Amino acid sequence: MVRKILKYGEPVLEQKAESVTDFETPELKALIADMWETMYAAKGVGLAAPQIGFSKRISVIDITVGEDETKKIVIINPEVTSTEGKQTGEEGCLSLPGFREPVTRPNKVTLQAQDESGETIELNGEELLARAFLHEIDHLNGILFINHLSALKRDIIRRKVKKLQKAGEWD
Ligand SMILES: [Zn+2]
């Protein structure tokens, strides 16, 4: 089922999400299936459970946006174990539609996570995949990409969002 993607301003987006402890349950499978459907419907490269209102440490990532089934990645309870280098590139977020800003992040990342069965996995990403991993893990810690911008840029975006909220164009 395609779920509504919550937008910046919803408290759940700025809360630390809870660890997943029960694996291979019908609820977990249904949630992950909904996350994929919702992400592809929105043509995103990643989605975190809090973005559809579930404060759980789960993210789905596919930097091919559905072009290559083998590139679908589910990370549960992920932790960054190491990073290397730097990259700066435009970043956006399905919870902040219409806003894109350059964000500097590590160029390579290694993380440890659990898969859908609860097995521990180690994953490596570089460039766009590293950016996607880090963006999605941030979501699980209540951090949005605008938290990586200067206070000035962040305030400009906040003010624009407030205007959209007042105009009823942000829900
Ligand atoms: Zn996002």
Side-chain angles (χ1 to χ4, degrees), residues 1-20 31-67 71-80 83 86-111 113-114 123-151 153-162 164-165 169-171:
M1 179 175 40
V2 175
R3 302 257 184 181
K4 178 182 156 76
I5 298 176
L6 302 179
K7 293 200 176 87
Y8 172 57
E10 292 280 352
V12 69
L13 293 174
E14 291 176 272
Q15 287 163 7
K16 193 171 154 76
E18 288 172 17
S19 295
V20 174
L31 175 55
I32 292 169
D34 285 356
M35 287 173 69
W36 282 125
E37 266 193 73
T38 305
M39 187 195 88
Y40 287 129
K43 298 191 163 47
V45 297
L47 186 80
Q51 291 181 280
I52 57 167
F54 291 83
S55 195
K56 293 277 177 195
R57 302 183 75 77
I58 310 167
S59 295
V60 297
I61 293 155
D62 175 5
I63 59 168
T64 75
V65 203
E67 291 290 308
K71 297 290 196 297
K72 292 171 75 171
I73 301 169
V74 178
I75 49 174
I76 301 175
N77 302 330
E79 297 291 343
V80 173
T83 60
K86 258 188 192 181
Q87 58 170 322
T88 301
E90 285 251 308
E91 210 167 301
C93 178
L94 295 174
S95 294
L96 274 151
F99 296 97
R100 289 188 74 79
E101 292 290 339
V103 175
T104 301
R105 293 193 184 266
N107 192 48
K108 286 186 184 180
V109 62
T110 302
L111 52 99
Q114 283 169 282
L123 295 161
N124 295 293
E126 57 179 283
E127 297 174 359
L128 180 58
L129 186 56
R131 179 176 295 285
F133 279 147
L134 292 162
H135 180 113
E136 297 311 325
I137 292 172
D138 270 357
H139 270 301
L140 307 181
N141 293 319
I143 298 165
L144 297 167
F145 83 91
I146 57 169
N147 294 101
H148 293 281
L149 306 178
S150 67
K153 274 193 177 173
R154 194 161 55 240
D155 283 345
I156 291 169
I157 292 174
R158 279 204 186 116
R159 278 202 294 273
K160 285 183 179 166
V161 168
K162 281 219 172 91
L164 290 167
Q165 282 170 332
E169 291 163 16
W170 191 265
D171 62 9

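Atoms within each ligand, like the ligands themselves, are counted from 1 in listed order. Source: prediction; values computed, not measured.
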For Asp62 and Met39, run side chain to side chain contact (heavy atoms under 4.5 Å, CB included): C-alpha distance rounded to whole Å, both residues' side-chain angles, the deciding distance at 0.1 Å, then the answer. CA-CA 9 Å; Asp62 175 5; Met39 187 195 88; 3.9 Å; yes

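Residues satisfying the side chain to side chain donor-acceptor pair (under 3.5 Å) test with Asp138, not counting sequence neighbours, are Arg105, His148.
Glu90 CD: more than 12 foreign heavy atoms inside a 6.0 Å radius.
Checked against Asp34 for a salt bridge (Lys or Arg N to Asp or Glu O under 4.0 Å), the options Lys56, Lys4, Arg3 give a single hit: Arg3.
With a cut-off of 2.8 Å, the protein N/O/S atoms near the Zn ion (ligand 1) add up to 3.
Of all heavy-atom pairs spanning Leu128 and Gln87, the tightest one is N-OE1, 4.4 Å. When every heavy atom of Ala132 is checked against every heavy atom of Ile61, the shortest pair comes out as CB-CG2, 3.9 Å.
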